[in-house]
Asks: 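A single structure is presented below for examination.
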Amino acid sequence: MEEINKTKKYRIESVYYEFSVLKIVDEYTHEQYEKIAALNSKWSDYDFDKTDGYIYFVELEKELVPPELTPADRKRFIEYLEKEIEVVNK
């Protein structure tokens, strides 16, 4: 685990997070979808831990859930992610 992630409370595999966008089924404007895709890409392509391939975070909704999601997509997205979240630092 990279030093910067030692204080984070949770982790999820970056590949699992990358495919979380498949849970987004409602309609969005092009601009909204670009923001959603950018957040997903940021975490799954760049901000994952390079030593083990996990994304480490403190708050799921603030860090990994795109704010542009409709309530229904938000619920699906969070439910999907919660299945694979691991607690690493209690």
Side-chain angles (χ1 to χ4, degrees):
M1 176 189 315
E2 293 177 354
E3 192 65 34
I4 59 171
N5 291 321
K6 292 194 179 208
T7 60
K8 305 292 173 80
K9 187 171 180 182
Y10 305 103
R11 76 178 187 177
I12 190 167
E13 290 181 74
S14 61
V15 173
Y16 187 84
Y17 178 75
E18 181 178 5
F19 288 101
S20 65
V21 293
L22 298 176
K23 296 298 172 187
I24 299 170
V25 297
D26 291 339
E27 298 213 6
Y28 296 91
T29 66
H30 181 70
E31 181 180 282
Q32 288 173 313
Y33 192 76
E34 280 186 350
K35 289 179 182 179
I36 293 166
L39 179 65
N40 182 269
S41 181
K42 170 187 173 296
W43 283 105
S44 58
D45 294 340
Y46 305 107
D47 285 353
F48 67 93
D49 190 301
K50 306 307 185 276
T51 61
D52 62 11
Y54 281 88
I55 294 169
Y56 289 83
F57 62 98
V58 177
E59 292 185 49
L60 174 66
E61 292 206 39
K62 285 186 178 181
E63 296 176 73
L64 301 180
V65 178
E68 295 80 13
L69 295 181
T70 64
D73 268 349
R74 179 179 213 77
K75 183 177 186 243
R76 275 189 293 277
F77 192 81
I78 291 171
E79 286 173 351
Y80 178 78
L81 293 179
E82 286 178 338
K83 292 177 185 175
E84 292 295 318
I85 291 173
E86 300 174 37
V87 177
V88 289
N89 292 310
K90 295 180 183 185

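Not measured: the values here are computed from a predicted model. For the numbers below, each heavy atom of this structure counts, side chains included, while hydrogens, waters and symmetry mates do not.
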Asks: Check E86, K8, K6 against Y56 for a side chain to side chain contact (heavy atoms under 4.5 Å, CB included) and give me the one that passes.
Replies: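 When side chain to side chain contact (heavy atoms under 4.5 Å, CB included) is applied between Y56 and each of E86, K8, K6, only K8 qualifies.
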Asks: Kindly indicate whether the side chain of D26, heavy atoms from C-beta on, has any atom under 4.5 Å from the side chain of R76.
Replies: yes
Asks: Can you confirm whether F57 is buried at CZ, in the sense that more than 12 heavy atoms of other residues, nucleotides or ligands lie under 6.0 Å from that atom?
Replies: yes
Asks: Quick one: sort the Y17 and F77 rings into parallel, tilted or perpendicular, breaks at 30° and 60°.
Replies: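 It falls in the perpendicular class, over 60°.
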Asks: Closer than 3.5 angstrom, by distance alone: can the side chain of S44 be matched with the main-chain N or O of N40 as a donor-acceptor pair?
Replies: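 Yes.
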Asks: So with a 6.0 Å cut-off around NZ of K75, is the heavy-atom count from everything else above 12?
Replies: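 Incorrect, the count does not exceed 12.
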Asks: Can a cation-pi geometry be assigned to K50 and F48, taking NZ or CZ under 6.0 Å from the six-membered ring centre and within 45° of the ring axis?
Replies: yes
Asks: Any heavy-atom pair between the side chains of L69 and I36 that's under 4.5 Å?
Replies: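 Yes, close enough: below the 4.5 Å cut-off.
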Asks: Is T7 close to N89 at the side-chain level, that is, under 4.5 Å between some pair of heavy atoms?
Replies: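 No; the side chains remain at least 4.5 Å from each other.
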Asks: Check whether any side-chain N or O of Y16 sits under 3.5 Å from a backbone N or O of I85 as a donor-acceptor pair, and report yes or no.
Replies: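 Checked: no pair found.
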Asks: Check whether any side-chain heavy atom of E31 lies under 4.5 Å from a side-chain heavy atom of E68, and answer yes or no.
Replies: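 Side-chain contact under 4.5 Å: no.
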Asks: Is the shortest distance from a Lys or Arg side-chain nitrogen in D49 or R11 to a carboxylate oxygen in the other one below 4.0 Å?
Replies: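 Salt bridge absent between D49 and R11.
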Asks: Verify the distance criterion only: is there a donor paired with an acceptor across the side chains of Y28 and D73 at less than 3.5 Å?
Replies: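 A pair is found: one side chain offers a donor N or O, the other an acceptor, under 3.5 Å apart.
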Asks: Quick check: does any side chain N or O of T51 sit under 3.5 Å from a backbone N or O of M1, one acting as donor and the other as acceptor?
Replies: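 A pair under 3.5 Å: yes.
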Asks: Are E79 and K83 close enough for a salt bridge, meaning some N to O gap below 4.0 Å?
Replies: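 Salt bridge: no.
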